[in-house]
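Okay, structure first, notes after.
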Amino acid sequence: MSAPSVQIDQAVIDFLAQYSPGPVPNLDEDLFATGRVNSLFALQLLTFLEKNFQIALAPEDLDLRNFATVGKVTAFVLRKQAQAAGNA
């Protein structure tokens, strides 16, 4: 079952807040350009997404553009959940 986008947005924002003090990012803020996320932290984010949203990542998913903003992360999670539901 997929999570609503607002729930995913909030979970990602809460996860980022644990590691990045400061104002809450908006949904379109470039997380890499602002320094909130780097390539190493992106791996932590991927692990968080897999565990919390029961998605499985494939090598082709590891495009940093999928994780550049909170909105893009949410869209990615929703796509992966839809793919999993279609394969069930």
Side-chain angles (χ1 to χ4, degrees):
M1 183 164 118
S2 68
S5 62
V6 173
Q7 182 182 359
I8 298 168
D9 290 341
Q10 192 59 55
V12 172
I13 288 168
D14 290 346
F15 179 76
L16 293 171
Q18 293 177 46
Y19 302 97
S20 177
V24 173
N26 66 48
L27 299 182
D28 297 321
E29 176 184 311
D30 188 320
L31 301 172
F32 293 101
T34 61
R36 286 186 189 267
V37 175
N38 60 35
S39 57
L40 292 176
F41 183 74
L43 295 175
Q44 287 180 273
L45 178 59
L46 296 176
T47 301
F48 167 80
L49 296 173
E50 284 183 310
K51 289 181 181 178
N52 286 276
F53 299 107
Q54 293 79 45
I55 60 175
L57 299 175
E60 61 270 13
D61 295 327
L62 301 180
D63 183 338
L64 294 181
R65 290 175 289 191
N66 288 326
F67 312 103
T69 69
V70 172
K72 287 181 180 183
V73 171
T74 297
F76 172 77
V77 170
L78 291 171
R79 276 194 314 274
K80 293 301 286 184
Q81 288 177 333
Q83 287 173 359
N87 293 332

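- Atom CG of Leu31 sits about 8.0 Å away from atom CG of Leu45, to the nearest 0.5 Å.
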Exercise. Given Leu16 and Glu29, is the side chain to side chain contact (heavy atoms under 4.5 Å, CB included) satisfied, shown in steps?
Worked result: CA-CA 12 Å; Leu16 293 171; Glu29 176 184 311; over 6 Å; no
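- Taking the ring pair (Phe, Tyr, Trp, His ring centres under 6.0 Å) definition, one finds that Phe48 meets it with Phe15, sequence neighbours left out.
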For this session: Show your working on side chain to side chain contact (heavy atoms under 4.5 Å, CB included) between Phe53 and Leu78 and close with a plain yes or no.
Result: CA-CA 9 Å; Phe53 299 107; Leu78 291 171; over 6 Å; no
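- Evaluation of the ring pair (Phe, Tyr, Trp, His ring centres under 6.0 Å) rule for Phe32 yields no partner, not counting sequence neighbours.
- Listed by chain and number, the residues in a side-chain contact (heavy atoms from CB on, under 4.5 Å) with Asp63 are Arg65, Asn66 (sequence neighbours excluded).
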Exercise. Is there a side chain to side chain contact (heavy atoms under 4.5 Å, CB included) between Leu49 and Phe67 once you walk through the steps?
Worked result: CA-CA 11 Å; Leu49 296 173; Phe67 312 103; 4.0 Å; yes
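- Annotation for Ile13 and Pro25: closest pair CD1-O, 4.1 Å, computed over non-hydrogen atoms.
- Residue pairs satisfying the salt bridge (charged side-chain N to carboxylate O under 4.0 Å, His left out) criterion with at least one member in residues 42-60, sequence neighbours excluded, are absent.
- Shown here are the salt bridge (charged side-chain N to carboxylate O under 4.0 Å, His left out) partners of Asp14, two or more places apart in sequence or in another chain: there are none.
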For this session: Apply side chain to side chain contact (heavy atoms under 4.5 Å, CB included) to Leu62 and Leu46, showing your working.
Result: CA-CA 9 Å; Leu62 301 180; Leu46 296 176; 3.5 Å; yes
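- Taking Lys80 as the reference, Ile55, Asp61, Phe76, Gln83 meet the side-chain contact (heavy atoms from CB on, under 4.5 Å) condition, with sequence neighbours excluded.
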